[in-house]
Amino acid sequence: MASCFAMFRAFFILLILSDSVVQIFGLGIGINYGQIANNLPSPSRVAVLLSSINITRVKLYDADPNVLQAFSNSNVDFIISVVNGNLLNMTNPQAAQAWIQEHVQSHLPQTQITCIIVGNEVLGGSDTQINSYLLPAMQSIYNALVNMGLEQQVMVTTAHSLQILATSSPPSTGSFKPDLAQYIQPILNFHSQINSPFLINAYPYFAYKGDPTQISLDYVLFQPNQGTIDPNTNLYYDNMLYAQVDAVYSAIKAMGHTDIEVRISETGWPSLGDSDEPGATPENAGLYNGNLLRRIQERQGTPAKPSVPINIYVFALFNENLKPGPTSERNYGLFYPSGVPVYNIGVQGYLPELMSSASRTNALSIFGILIIITARLFCAVLERL
């Protein structure tokens with residue numbers, strides 16, 4: 001009886017553990033974890049949710065220590081951010097050194113931090129005063145990493161909106177706005193020097209929203225469509241996102257660089273919008289992200305860079321109920337704060353319920369008793385055979 005009981009217990013534990021690590025849907029994407037909301041689950045519960053859907057790359061819009069600690073000893077790679085309001089301070093080498101010590105070094109190696117985004121959509125924004133702070137802040141952050149021997153482990157970059165482009169169609173004519181060239185050229189030189197990627201926040205939805213009668217919905221949703229051919233390169237584009245990425249490659253090439261990879265730090269589609277926001281529906285959001293996911297799994301590149309698989313962080317993990325602006329801004333999430341998917345793209349995650357310590361203890365005790373009873377019944381049946 002004792003040996004039978006031990007065998008059953010080992011089998012049962014193995015069954016539980018194997019079930020916990022089986023990933024029913026490997027996403028292969030990164031996710032933007034925004035927190036402009038007052039109803040989000042705790043970071044520790046989010047860690048379970050992301051593990052359940054096999055997401056191992058997360059981008060934060062700050063360096064929230066509660067999140068970084070919650071993901072300690074996980075297999076998640078983090079991108080953390082220096083917020084725009086802190087750029088001037090980060091131009092000071094001592095301040096940058098202190099920031100790295102507090103927000104990076106203190107979490108390593110338990111939490112994997114692999115990239116720092118210094119500012120988000122700084123160039124082309126309304127606050128032009130901070131344009132001149134961007135590169136010096138990036139350089140100070142990088143130099144602080146060098147001083148600590150972390151520059152090979154943690155990349156430094158910044159994220160741009162597509163508002164920095166003067167032209168984007170056809171993709172081969174992509175160019176940056178002339179008034180931003182004085183900032184972008186030295187930033188590109190810096191990327192080339194330290195071998196870090198150029199990040200863009202690319203939203204085909206914005207283009208469709210701005211001109212729904214002229215832009216094909218199928219073209220922006222990766223659905224079957226006639227596509228378009230770039231007359232200068234004869235490259236065929238069947239979706240807008242790839243055209244946007246290649247337009248950025250063209251703009252970078254026009255400034256003398258072919259050695260910088262373009263990655264997508266944000267893209268997504270809203271599931272709800274105002275009356276003047278056409279196309280913002282759960283069905284379209286599901287098509288956009290679902291079709292995008294399939295292309296990521298196929299390791300597709302763009303027509304101009306077919307050998308470079310697209311590298312994407314989807315926006316966003318949750319709907320964020322406190323974001324300002326139109327209704328769409330609060331409805332980009334893959335999940336409601338409850339952990340329920342907003343729409344179906346084949347992803348069913350698990351968000352653990354909140355439970356008091358006493359309830360958790362009682363539940364574990366009852367569970368343990370059930371295991372013992374089941375084991376004894378199982379062994380008794382075996383002995384009679």
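Residue numbers run from 1 in the order of the sequence given.
- A cation-pi arrangement is absent between Arg263 and Tyr313, since the terminal nitrogen or guanidinium carbon is not both under 6.0 Å from the aromatic centre and inside a 45° cone about the axis.
- Under the 3.5 Å distance criterion, with hydrogens and angles disregarded, no donor-acceptor pair is assigned to the side chains of Asn201 and Ser161.
- Residues that satisfy the ring pair (Phe, Tyr, Trp, His ring centres under 6.0 Å) test with His107, not counting sequence neighbours, are absent from this structure.
- Under a 3.5 Å cut-off, the side chain of Ser192 and the backbone N or O of Asn189 do not form any donor-acceptor pair.
- At distances below 3.5 Å, at least one donor-acceptor pair connects side-chain atoms of Asn92 with backbone N or O atoms of Ala95.
- Going from atom CE of Met155 over to atom SG of Cys115 covers 4.0 Å, rounded to the nearest 0.5 Å.
- Looking at Asp218, its side chain never comes within 3.5 Å of a backbone N or O of Ser216 through a donor-acceptor pair.
- Cation-pi check for Lys305 over Tyr249 is met; the charged atom lies under 6.0 angstrom from the ring centroid and within 45 degrees of its normal.
- Side chain of Thr56 to main chain of Asn75: no donor-acceptor pair is present (N/O by atom type, distance under 3.5 Å, no hydrogens or angles).
- With respect to the salt-bridge test (charged N to carboxylate O, under 4.0 angstrom), the residues Lys253 and Asp246 do not qualify.
- A centroid separation of less than 6.0 Å is found between the aromatic rings of Tyr288 and Phe222.
- A salt bridge is defined here as a Lys NZ or Arg NE, NH1 or NH2 lying under 4.0 Å from an Asp or Glu carboxylate O, and Glu320 with Arg330 fails to meet this definition.
- Between the side chains of Asn38 and Asn321, at least one donor N or O sits under 3.5 Å from an acceptor N or O.
- A ring-centre distance under 6.0 Å is found for Phe315 and Tyr332.
- Without hydrogens or angle criteria, Gln300 side chain to Pro306 main chain gives no donor-acceptor distance under 3.5 Å.
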### Task
Show your reasoning for whether side chain to side chain donor-acceptor pair (under 3.5 Å) applies to Thr167 and Ser175.
CA-CA 5 Å; Thr167 58; Ser175 63; 2.8 Å; yes
